[in-house]
Amino acid sequence: MDADVSDSPGPPAEPDRPDHSAGDEPEDGARDASGPAPESSGEGGTDGTAARKEAGGEDGEAGDGTWAARPERDHKSHWLRWTALAVSFLVLVAAGVGWWLYNKLDGNITTDTSAAAELKAYEKDRPLPVAHDAQNILLIGSDTRSGDNSAYGRDDGGSQRSDTTILLHLAADRRSATAVSIPRDLMSEIPSCHTEDGKTTKAQFAQFNWAFELGGTACTIRTVEKMTGIRVDHHMVIDFAGFKDMVDAVDGVEVCLKKPVDDPDAHLKLPAGRQQLDGEQALGYVRARKSIGNGSDTERMDRQQKFLGALVNKMQSNGVLLNPTRLYPVLDAATKSLTTDPGLDSLRDLYDLVRGMRNVPTEKVQFLTVPRQAYRADPNRDELVQPDADRLFTQLRKDEPVAVVPPEKNDSGDSQADHSSADPSGEKPGTTADGSPTPAPTYSGSNAADDPCGS
C-alpha cells in the first residue's frame, strides 16, 4: 500500500479526465476515487459485478448516488423550480385579473337605498309573501332623457317615466319563469308617495307610469303590490344605454318584420323579413310605436315581449350563461346601467339569480300582458279585465302554473282584449258545481322558444 494514500475519498473526477483502472495512479500520485474498487473473491468477499451495479448500474453508467449524476439532477431541479415559479406567477396574475374583473362589475351596479327606505316605512301596508322559495322581481325600463340617453329625446331636466314595466315571477322550483307586462297607460290606484324633494303626493286613480314619475321606484312597487296583491321581492331599473349594450354583447338578436319600417323618431329603418338587429336598431324596434303594427302601446308591448324572448333564447342557445368569456361583456353592459335594491346590488347576488334561471327551458320562459281592455272613460287608456286579472295574480301569488299560448290558439283570440280564456261557466279555477275540476285558464302571449317568423 502506498504511504501517501489518504483514508478520505478524493475530489470527483473531472468529466474530461480518463478513468484509471484498479491499481493505476494519476499523475499526481493520488488514487482516483471514481475508479472501480479492487475485486476480491471468496467467502465474505465482495462480488465485483454487484459492486459495479451498486456504483454505476447494469451498464456501467453512474448511479443516482454518484457525482457523475449530479449535473443532470441539478439541471432537472433547476427546471422544476422555474416551472413552479412560473405557474405560481400565472396563478397569481389570473387571480388578480379575476379579482379586478369582479370588482369592476360589482362596482358598476348602483344601489337604490332610497327605495328600500321608503318601502320599509310602508312595510305594514305591503302584502306578505305566500310561496317562500319563489321570487317576484319588478323590471323597470326607464325612459329618462338625461345623460347618455339624451339622443333619444328632449332632456326635460332629468325626469323619468317607466317606459316598460314587467313583473317577473320565478317559480320556486326554478323550472319556469313568467314575465307579465303592465301597460304604462293602465289606469291604476296609485298610493300616496314621497317625491325626491321630500314632498308627499296624494293617492289618486291615474295612469300607471305616473307612479314612477311622481315617487320613483318605491311608488311603482307599491302601486304594483296594491294592484296584484303580490309581494315584490326585488327590483331592477335599466336605461336605454344598458339595453343597447346588452344586445351588442350577444352579437345582435334576430327578429322578423312583416313590412319594412321607416321611423325617423325611433332612428329606425329596416327591410321586411328575418334579420339581425344590433343594439341601436333593437332599441328603436322595441320603442317604436306609430310605425310598426297598429301603433298601439299594446302591440308595442307584445313586440317587446317577443324580443326579450329572442334575447333569452340567444343567450341560452349560444352558451353565453355558461361561457365566462362571452358572459363578461353581457354582465358589464347590464351592470353599467343597472340600479337595484340592496338585495341584488352585488355581482354574487346577480350570479345566483342567473344561475337559478339557466336551467329553465326556453319554452317555459313565458311572456304575457295583464288582462286589459280599453278604459271605458277614455279609449286611449287601459283598464283591467276582471275576474281574469285577479285570477292571474292569484296564480302568481300562490306560485301555481300559468299556461301561455299564442293569441291565435287561445279561445279569446284577441291579444288586445281580455288576454285570457277560462271556463265559460264563469266558475273560478278549482271545481265546478258538480265537483268536477275546471280547466285552468290560458293566457295569450309568447315564450322564448318561439320562432320570430312563426315558422
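Along the sequence shown, residues are numbered consecutively beginning with 1.
- Under the 3.5 Å distance criterion, with hydrogens and angles disregarded, no donor-acceptor pair is assigned to the side chains of Glu189 and Thr223.
- Residues satisfying the side-chain hydrogen bond (donor to acceptor under 3.5 Å, both in side chains) test with Asp197, not counting sequence neighbours, are Thr195.
- In this structure the side chain of Thr113 never reaches within 4.5 angstrom of the side chain of Asp341, judged on heavy atoms.
- Annotation for Ala374 and Pro379: closest pair CB-O, 4.1 Å, computed over non-hydrogen atoms.
- The shortest heavy-atom contact between Met236 and Leu350 is CE-CD2, 3.7 Å.
- With sequence neighbours excluded, no residue forms a ring pair (Phe, Tyr, Trp, His ring centres under 6.0 Å) with Phe367.
- Between Glu123 and Lys120 no salt bridge is recorded (no basic side-chain N to carboxylate O distance below 4.0 Å).
- Neither side chain, Ser446 nor Gln366, offers a donor N or O lying under 3.5 Å from an acceptor on the other.
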Sequence neighbours left out, cut at 3.5 Å: what donor-acceptor pairs do the side chains of residues 133-141 make with other protein atoms?
unit_1	atom_1	unit_2	atom_2	d
Gln135	OE1	His234	NE2	3.3
Asn136	OD1	His169	ND1	2.8
Asn136	ND2	Arg231	O	3.4

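- With Glu213 contributing its side chain and Asn209 its backbone, the two residues share no donor-acceptor pair below 3.5 Å.
- Looking at Lys226, its side chain never comes within 3.5 Å of a backbone N or O of Pro191 through a donor-acceptor pair.
- A donor-acceptor pair is defined here as one N or O able to donate and one able to accept, closer than 3.5 Å; no such pair exists between the side chain of Ser176 and the backbone of Ala171.
- Under the 3.5 Å distance criterion, with hydrogens and angles disregarded, a donor-acceptor pair is assigned to the side chains of Asp239 and Ser337.
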Item to check | Residues Met315, Val330; criterion side chain to side chain contact (heavy atoms under 4.5 Å, CB included); working and verdict | outcome: CA-CA 9 Å; Met315 293 180 68; Val330 177; 3.8 Å; yes
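- Contact of the Phe307 side chain with the Val247 side chain is registered, since non-hydrogen atoms from C-beta on lie closer than 4.5 Å.
- Listed by first then second residue, pairs satisfying disulfide bond (SG atoms under 2.5 Å apart) with a partner in residues 236-289 read Cys256-Cys453, not counting sequence neighbours.
- Leu311 has its side chain within reach of Val250: a pair of non-hydrogen atoms, C-beta onward, lies under 4.5 Å apart.
- Under the salt bridge (charged side-chain N to carboxylate O under 4.0 Å, His left out) criterion, Asp185 pairs with Arg289, not counting sequence neighbours.
- In terms of heavy atoms, Asp245 sits closest to Ala333 at CB-CB, 3.4 Å.
- The backbone N or O of Asn359 lies less than 3.5 Å from a partner atom in the side chain of Arg175, making a donor-acceptor pair.
- For Asp352, the side-chain hydrogen bond (donor to acceptor under 3.5 Å, both in side chains) test picks out Arg355, with sequence neighbours left out.
- Side-chain contact between Glu225 and Ile230: absent, with no pair of heavy atoms (C-beta onward) separated by less than 4.5 Å.
- Side chains of Ser181 and Gln304: a donor-acceptor N/O pair is absent below 3.5 angstrom, by distance only.
- Taking 4.0 Å as the cut-off between side-chain N and carboxylate O, Glu383 and Arg376 count as a salt-bridged pair.
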Checklist entry - Do Leu368 and Leu392 pass the side chain to side chain contact (heavy atoms under 4.5 Å, CB included) test, and can you show the C-alpha distance, the side-chain angles, and the key distance before you say yes or no? => result CA-CA 11 Å; Leu368 69 152; Leu392 172 63; 3.9 Å; yes
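- The backbone N or O of Leu186 sits nowhere less than 3.5 Å from a side-chain atom of Gln207 that would complete a donor-acceptor pair.
- Thr228 meets the side-chain hydrogen bond (donor to acceptor under 3.5 Å, both in side chains) test with no other residue; sequence neighbours excluded.
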Next on the checklist: Determine whether Asp382 and Met187 satisfy the following criterion, side chain to side chain contact (heavy atoms under 4.5 Å, CB included), listing intermediate values before the conclusion.
Outcome noted: CA-CA 6 Å; Asp382 287 331; Met187 298 304 294; over 6 Å; no
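- The minimum heavy-atom distance between Leu347 and Asp106, with the atom names listed, is N-OD1, 2.7 Å.
- When side chains are defined from C-beta on, Val224 counts as touching Phe208, because their heavy atoms get closer than 4.5 Å.
- Listed by first then second residue, pairs satisfying disulfide bond (SG atoms under 2.5 Å apart) with a partner in residues 167-243 read Cys193-Cys219, not counting sequence neighbours.
- At least one donor-acceptor pair under 3.5 Å links the side chain of Gln395 to the backbone N or O of Pro401.
- Taking a 6.0 Å sphere around NZ of Lys314, one finds it holds more than 12 heavy atoms contributed by other residues, nucleotides or ligands.
- Side-chain atoms of Asn447 and Val404, non-hydrogen and from C-beta on, never get closer than 4.5 Å to each other.
- Each of Val255, Asp262, Leu257, Asp263 was checked for a side-chain contact (heavy atoms from CB on, under 4.5 Å) with Leu270, and the lone residue meeting it is Leu257.
- In this structure, Glu118 has no salt bridge (charged side-chain N to carboxylate O under 4.0 Å, His left out) partners at least two apart in sequence or on a different chain.
- In this structure, a donor-acceptor pair under 3.5 Å is present between the side chains of Arg397 and Thr394.
- The CZ atom of Phe393 lies 8.5 Å from the CG atom of Leu167; values are rounded to the nearest 0.5 Å.
- Applying the salt bridge (charged side-chain N to carboxylate O under 4.0 Å, His left out) criterion to Glu254, with sequence neighbours excluded, gives Arg274.
- Side-chain contact check for Met227 versus Ser188: some heavy-atom pair is nearer than 4.5 Å.
- For the pair Gln276 (side chain) and Asp251 (backbone), a donor-acceptor distance under 3.5 Å is present.
- Between the side chain of Gln386 and the main chain of Leu384, no donor-acceptor pair closer than 3.5 Å is present.
- In the model, Asp112 has no side-chain atom that pairs as donor or acceptor with a side-chain atom of Thr110 under 3.5 Å.
- Shortest non-hydrogen contact noted between Gly279 and Asp248 is N-OD1, 2.7 Å.
- Partners of Asp332 by side-chain hydrogen bond (donor to acceptor under 3.5 Å, both in side chains), not counting sequence neighbours, listed by chain and number: Lys104, Asn108, Lys336.
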Item to check | Criterion side chain to side chain contact (heavy atoms under 4.5 Å, CB included) on Leu268 and Glu280, from CA distance to verdict | outcome: CA-CA 8 Å; Leu268 188 66; Glu280 187 73 28; over 6 Å; no
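- Side-chain contact between Tyr443 and Pro371: present, with at least one pair of heavy atoms (C-beta onward) separated by less than 4.5 Å.
- Under the rule for a salt bridge (charged side-chain N to carboxylate O under 4.0 Å, His left out), Arg174 has no partner lying at least two apart in sequence or in another chain.
- Of all the heavy atoms in Ile166 and Ala179, the pair that sits closest is CG2-CB, 3.6 Å.
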